Amino acid sequence: MNIKNLINEYLGDTELQFIRILENITKGKEFKVYLVGGLLRDIVLGLKPNELDIAVEGDIDLLIKLLSDNCSIIQETEFKTFKLKYMDIFVDIALARKESYIPKGSLPSITIASLQEDLSRRDFTINALALEIYPTSSNYMIDPFNAIKDINDKKIKVIHADSFKDDPTRIFRAIRFSERLSFALDDETLKLLDQDKNRIAALTPPRILNEVVKIIDEIYPLPILLKLQKYNIFSHFLPLEKEINVLFENNISTISNWDYFILYLSKHIDELTFNESMNRYPISKKTRTFINNAYNLRRIIKEIKNSSVDRLSIEKFISLEAIIQPSFDAELCLSSPDEEEIICDLILRLSHTKVLINTQDLINLGIQKGKNIGKAFKELKYKKFQLTLKTKEEEIKYIRDSFF
Ligand code: ATP
Ligand code: MG
C-alpha cells in the first residue's frame with residue numbers, strides 16, 4: 001500500500017496544505033507529529049475522512065502557538081486536545097497520552113506518553129493506526145494492533161478486554177462504527193459488549209447524550225438505533241422500544257435529524273415521561289422549545305378536533321403563530337389524515353394574517369401610541385386568522401366598532 005499516494009488522493013487540497021504548514025512549522029524543532037485514528041482508517045477504506053486527526057509527541061502548547069498565525073483555536077480541553085479551524089476545515093490535535101480510568105467508567109486521568117501508548121488507549125484496533133509526518137514524512141503505517149488486517153476483514157475489535165469497562169461510551173461507538181462501515185463486531189468484542197453493557201447506566205447523562213447526538217448526526221441513524229435496541233441499550237437513553245422501528249423511514253423533511261428525532265419521540269411518549277427523561281440531559285434551549293412546540297401543537301389540534309378552529313382563543317392563536325414556522329415540521333406531529341387537514345387549514349389561515357392597515361392608520365383612527373397599537377394589531381391578526389376580516393375597509397370598521 002502506498003500510503004502517501006492514498007493521502008494525496010483522499011485528502012482535499014486544504015488538508016494537504018495544512019499538513020505542509022505543519023511540516024514547515026515543526027522543522028528543526030523537537031516534535032514528533034503523526035496523522036492518527038479515524039482519518040487513516042477511512043483512507044485505508046477508500047473513504048474521504050471527515051476531519052484531520054493529529055497526535056503530537058512534544059510541547060503541544062508551543063505547536064499550537066506556532067499554528068495560531070494560520071488557524072483559529074475553536075476548542076481546548078484540560079486533556080490537551082485542541083480543535084483548530086484552518087480555512088474551512090477542522091483539525092483535531094492532541095498530545096500523545098496514556099489514560100487511566102479510576103474508577104472504571106469515569107472520565108480518565110491523562111499522562112503524557114509515547115505514541116505507542118497513545119495508540120493502545122484507543123477504542124478499537126481499526127482506529128489505532130498512525131503515520132509519522134514529522135520529522136520523517138513516512139510511507140509506513142504504525143500498526144501495532146493489526147488495524148489494517150481488521151479493516152480489510154471488516155472487524156470491530158477492542159484493544160483489550162477491559163476496554164468497555166474503562167469507557168462504556170465505546171459500546172455506542174462500536175455499534176455506530178459497525179453500522180456505518182458495515183463491519184461486524186468481533187466475537188470476543190461482542191461477548192465483552194454483552195457482558196459490560198449494563199455499565200452504561202453508570203455514565204453521566206451528558207456523556208450518554210453526547211453519544212446519542214453523534215448517532216443521530218450519522219447519515220443513516222436508524223440501523224444504529226435498531227442495533228442499540230436489539231442489545232437493550234436504547235432504553236438507557238429513553239423509555240422507548242418498538243416505536244423506533246420506523247424512525248427516519250420517511251425523513252424527507254428538511255429539518256435536521258436531531259429535530260426529526262425529537263419530534264418523532266415526542267409523538268410516542270407522553271409529555272410528562274418525555275420531559276422527565278429529557279430533563280436529565282443538557283439539551284439546548286432550541287431543542288426544549290421544539291419539544292414544547294410539538295406537545296402544544298398536538299394539544300391545539302386535539303382542541304380543534306373536539307370543538308372548532310373558530311373557537312380557538314387568541315392566546316392559542318398567538319402560540320400557533322410562534323409554533324408553525326419553516327424550521328418546525330408541523331406535519332411530523334400528526335397521526336391521522338384528518339389532522340393533516342387541520343394543519344393545512346391552519347397553515348392557510350396563518351398565511352392570511354397579514355394586516356393591511358399600518359400604525360399610522362391606527363393612530364389616525366384614534367388609537368393611542370404604545371401598548372394599544374400592539375393590542376389592535378394582535379386582534380386584527382386574530383380576526384384575519386378567523387377569516388372574518390379580509391379588506392382594508394373591513395379592518396378599519398373592526399377597529400372603529402370594537403375599540404371605541
Ligand atoms: P469519525 O469518522 O466519526 O470522526 P473517528 O474514529 O475519527 O470517527 P473521533 O470521535 O473523531 O472518531 O475520535 C478520533 C479518534 O480518537 C478515534 O479514531 C479513536 O482512536 C480515538 N477515540 C475517540 N473516542 C474514544 C474513546 N471513547 N475511547 C478511546 N479512543 C477514542
Ligand atoms: Mg474523527
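For ligands, and for the atoms within them, numbers begin at 1 and follow the listed sequence. Worth knowing before you read on, the calculation uses all heavy atoms, side chains too, and leaves out hydrogens, waters and symmetry mates. Quick caveat, the model's predicted, so the values are computed rather than measured.
- Heavy-atom neighbours of I112 CD1 from other residues, nucleotides or ligands within 6.0 Å: at or below the threshold of 12.
- Nearest N/O/S atom of E51 relative to the Mg ion (ligand 2): this is OE2.
- When heavy-atom distances to ligand 1 are checked against 4.0 Å, the residues falling inside are G37, G38, R41, N50, E51, D53, R121, R122, D123, N127, D167, T169, R170, R173, R176, F177, R180, ordered by chain and number.
- Ring geometry for F385 against F317 counts as tilted: the plane angle lies between 30° and 60°, on a 0 to 90° scale.
- With salt bridges taken as basic N to acidic carboxylate O contacts below 4.0 Å, one links E379 and K375.
- Between E303 and R311 there is no salt bridge, since none of the side-chain N atoms of the basic residue sits less than 4.0 Å from a carboxylate O of the acidic one.
- Look at E394 and K397 and you find no salt bridge, because none of the NZ, NE, NH1 or NH2 atoms lies under 4.0 Å from a carboxylate O.
- Salt bridge annotation for D259-K286: present, with a cationic side-chain nitrogen under 4.0 angstrom from a carboxylate oxygen.
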